[in-house]
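By convention in this document, chain letters (A, B, ...) are assigned in the order of the sequence lines, proteins followed by strands, and residues within each chain are numbered from 1.
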Number of protein chains: 2
Amino acid sequence: MDETASTEAPRPNLAAVAALAGVSASTASLAFSGAGPVSDATKAKVLAAAAQLNYAGPDPRGQSLRRGRSGIVGVVLEDSVSEAFRDPMNIATLDGISDAIGPSGSALLLLTDNAEGPSSFRSVPIDAVVLIGCSTRLADAVHVFAQRGVPIVGIETEPMPSVLAVDLDNRLASRRLAEHLRDLGHRDVTMVTLSLDAPHARGWATPEWEARSEGYTASQRIAGVRDVFPASSAFVSSASTVDEGYRAALEVLASSERPTAIVAQSDLLAVGVIRAAQELGLAVPNDLSVVGFDGVRLDGIAPIDLTTMVQPAFAKGRAAGEGVLALLAGEAPAGQLFDSEFHLGATTAPPQSARTAHH
Amino acid sequence: MDETASTEAPRPNLAAVAALAGVSASTASLAFSGAGPVSDATKAKVLAAAAQLNYAGPDPRGQSLRRGRSGIVGVVLEDSVSEAFRDPMNIATLDGISDAIGPSGSALLLLTDNAEGPSSFRSVPIDAVVLIGCSTRLADAVHVFAQRGVPIVGIETEPMPSVLAVDLDNRLASRRLAEHLRDLGHRDVTMVTLSLDAPHARGWATPEWEARSEGYTASQRIAGVRDVFPASSAFVSSASTVDEGYRAALEVLASSERPTAIVAQSDLLAVGVIRAAQELGLAVPNDLSVVGFDGVRLDGIAPIDLTTMVQPAFAKGRAAGEGVLALLAGEAPAGQLFDSEFHLGATTAPPQSARTAHH
DNA sequence: CTGTTAGCGCGTTCAC
DNA sequence: GTGAACGCGCTAACAG
């Protein structure tokens, strides 16, 4: 009975409703949108006809075409949905965007980077798009959107013309962490970084690999640490998870020259690093200092007071959302740069050498 | 310079491109879609004209209207984005949906329940919609979608006509957990439940409250436990988080008649419960047995081997996605019921009374 | 292989 | 207050 329905009930039209109500289509339209002047009587007639025909109101597709707006804002994430949402920062950012554009009646469309699906970027009816920490290789997608006149906001993306930037002081913040470690007396610091490319490889960073990095944020944070420790090495993780931090730390701490401190590029990685250290019998911070990045609320994850840089993820999202609204309104908003805040936790201390020297 | 652009460069049309290329609009259309037979020569001409006009290809809004499809599948979540994604089960489900519909070239539109935003449900150009564990009060939204001919899939939603059900054996699974506790000798069991309504109140459940519950899943799980322990009381939490489990357990364990076991309706709640118990000096499972629900990978959260029911969240999502595709293809797929699997962890043991009795 | 015709469902003039 | 006419951008169906 749910078949093609043959000739019965061809989904009703505004025109059909208008005809039944004995008015013109435009009048019926006004009756629904409530915009123009329509007598209560005819309005009632139209609504009655609609009810009789089981008409649910104007077709959104027609409205989109006519208005030139779909009421949809795209959000481009790297990787799959689940991978992207494993990171609380992404969720907070998304929430911020949602919070900002919600009042305008727009909804968020999830677009993933990796998928070269048939209809991916090219054929999606979006009014604007937000890039969340996407890799460099999105350049062509950016071009398509720009050409189409779709406003683009980039959160922590490489600066590009036609992309409104909502950025974070990644380099400065990382430098700040490195300085903290240096001031404590550390000289031997190793990084555990976020992913550098799409295949999500894992392993020790090489100059070549770093050079062709597609991870803007990761590269910025590496640069910040290198500002202080130019020779520090880096182990590239494949994702921002506790598990990856754990795996990375096992390798880092097994290397012949064990560092006295590890700079993890996210709090989740840092938690994994600490777990690995403890498992290897290293006390944090006495045997090993660890710093993170993000300022995730770890309440539910681990009872650790991490030394880290707290970044305003929700505010970043809000700013991106407001940027979208401004661009859609035809304004020319300026990009924004957000600052992270240093949080001194209980995971950093002077290295053994410094302390033994003092004794 | 980003002004109204006055008369300059009125975003190019298919028609404009066709005109410049000296062909008809339909030919130009074919040149882009690649569908019909077009000589390479004219195709090149069209593409050249497009490049000259800086035309990025057919407007998705026009395509949507013409095809009657927007390539967008809506996903209705309760609460805000961040709240919904705090629960790993929702993420896994979303990932499953994404995985299933991705190949079809569709993308996911995030719709939140609470927002009565201007354009919310009524005016969104979606081809189908998936309800994820939404509260009962979505009934009218369901009506609108159904009226409009938008296929609806409901994951763990109250059975409704015109909604394709993807359900979980919540009641049976909860009964299974309760039986496990009963078999261990427990008689005094209290529940910590998921939220029962939109305001997300917290507190001891009353018969009236349970009766007007809008949380289908929560109610089913309560019923499952009551099948075994008819008199068991329930403390309603306001969300599925570790924090909420902690808060709930503090109240439950402070009550005059402390239970020997707690049935938490999610693993996150269970972890919070255990944390509270430990803080109160109660050993798990010796002083208190705790069971959860979901089978979340706790690796990154806590080193606890929880006794729980493992549910196939990703598979549920996949099934929902496949249901969407089938419905869009005009088929009449059957609803699905997924089974949870009992996992015996290390958080349950016979109650003190039983053990002391044996000695 | 290409052009012509005819809408898809709706919003917006501008007259009446 | 109302209705006729037109256009939004694209495409299926047919004719040539």
Side-chain angles (χ1 to χ4, degrees), chain A residues 10-47 49-50 53-71 119 122-127 147-150, chain B residues 10-47 49-50 53-71 119 122-127 147-150:
Chain A
R11 202 156 297 292
N13 250 351
L14 220 207
V17 173
L20 201 165
V23 300
S24 78
S26 78
T27 302
S29 175
L30 293 183
F32 280 106
S33 69
V38 184
S39 74
D40 288 349
T42 49
K43 187 168 183 176
K45 259 198 307 188
V46 172
L47 262 41
L53 259 50
N54 198 31
Y55 176 72
D59 186 321
R61 281 176 283 261
Q63 299 186 125
S64 293
L65 177 58
R66 190 61 184 96
R67 296 203 225 273
R69 289 277 167 86
S70 62
S119 92
R122 206 162 220 91
S123 58
V124 174
I126 54 179
D127 297 337
Q147 201 174 348
R148 190 163 255 141
V150 174
Chain B
R11 202 156 297 293
N13 246 353
L14 219 207
V17 173
L20 202 165
V23 299
S24 77
S26 78
T27 302
S29 174
L30 292 182
F32 280 105
S33 69
V38 183
S39 75
D40 287 350
T42 48
K43 186 168 184 175
K45 260 197 307 188
V46 172
L47 261 42
L53 260 50
N54 199 30
Y55 177 72
D59 186 321
R61 282 175 282 260
Q63 297 186 122
S64 293
L65 177 57
R66 191 61 184 95
R67 297 203 223 274
R69 288 277 166 87
S70 62
S119 93
R122 204 162 220 93
S123 58
V124 173
I126 54 179
D127 297 337
Q147 200 175 346
R148 189 163 254 141
V150 174

Colleague: Can you find a pair of side-chain heavy atoms, one from B/N13 and one from B/Y55, that are under 4.5 Å apart?
Modeller: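 Side chain of B/N13 against side chain of B/Y55, heavy atoms only: no contact under 4.5 Å found.
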
Colleague: Give every pair of a protein N or O atom and an N or O atom of nucleotides 6-10 of chain C that lie under 3.5 Å apart, one pair per line with the distance.
Modeller:
unit_1	atom_1	unit_2	atom_2	d
C/dG7	N2	B/R66	NE	3.0
C/dC10	OP1	A/Y55	OH	2.9
C/dC10	OP1	A/D59	N	2.5
C/dC10	OP2	A/L14	N	2.9

Colleague: Let me see the working for A/K43 and A/V46 under side-chain contact (heavy atoms from CB on, under 4.5 Å), right down to the final yes or no.
Modeller: CA-CA 5 Å; A/K43 187 168 183 176; A/V46 172; 5.8 Å; no

Colleague: Write down the protein N/O and nucleotide N/O pairs, taken from nucleotides 1-3 of chain C, whose separation is under 3.5 Å; answer none if there are no such pairs.
Modeller:
unit_1	atom_1	unit_2	atom_2	d
C/dT2	OP1	B/S39	OG	2.6
C/dT2	OP1	B/T42	OG1	3.3
C/dT2	OP2	B/S39	N	2.6
C/dT2	OP2	B/S39	OG	3.3
C/dT2	OP2	B/T42	OG1	3.0
C/dG3	OP2	B/S24	N	3.3
C/dG3	OP2	B/T27	OG1	3.1

Colleague: Drop me the distance from B/R66's CZ to A/L65's CG, to the nearest 0.5 angstrom.
Modeller: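 The CG atom of A/L65 is 12.0 Å from CZ of B/R66, to the nearest 0.5 Å.
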
Colleague: Of all heavy-atom pairs between B/V38 and B/L30, which one has the smallest distance, and what is that distance?
Modeller: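 Heavy atoms only, the tightest pair is CG2-CB, 3.5 Å.
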
Colleague: I need the A/D59 CG to A/S64 OG distance, nearest 0.5 Å.
Modeller: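 One gets 8.5 Å once the value is rounded to the nearest 0.5 Å.
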
Colleague: Where is the tightest heavy-atom contact between A/V17 and A/A50, given as atom of each residue plus distance?
Modeller: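 So the minimum-distance heavy-atom pair works out to CG1-N, 3.8 Å.
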
Colleague: How long is the gap from CD on B/Q63 to OG on B/S29, to the nearest 0.5 Å?
Modeller: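 Going from CD on B/Q63 over to OG on B/S29, the span is 8.0 Å.
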
Colleague: If every non-hydrogen atom of A/P12 is compared with every non-hydrogen atom of A/N54, which pair is closest and at what distance?
Modeller: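 So the minimum-distance heavy-atom pair works out to CG-O, 3.8 Å.
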
Colleague: Report for the helix from C/dC1-D/dG16 to C/dC16-D/dG1: angle between first-end and last-end helix axes, five pairs each, rounded to 10 degrees.
Modeller: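 Inter-axis angle at the termini of the helix from C/dC1-D/dG16 to C/dC16-D/dG1: 40°.
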
Colleague: Once you round it to whole Å, what is the distance between P of D/dA12 and CZ of B/F32?
Modeller: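 That distance rounds to 15 Å.
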
Colleague: What's the spacing between A/L53 CG and A/L14 CG if we round to 0.5 Å?
Modeller: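 Result: 11.0 Å between the selected atoms.
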
Colleague: Quick one: does B/D127's side chain get under 4.5 Å of A/R61's, heavy atoms only?
Modeller: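 When only atoms from C-beta onward are counted, A/R61 and B/D127 do touch, with a gap below 4.5 Å.
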
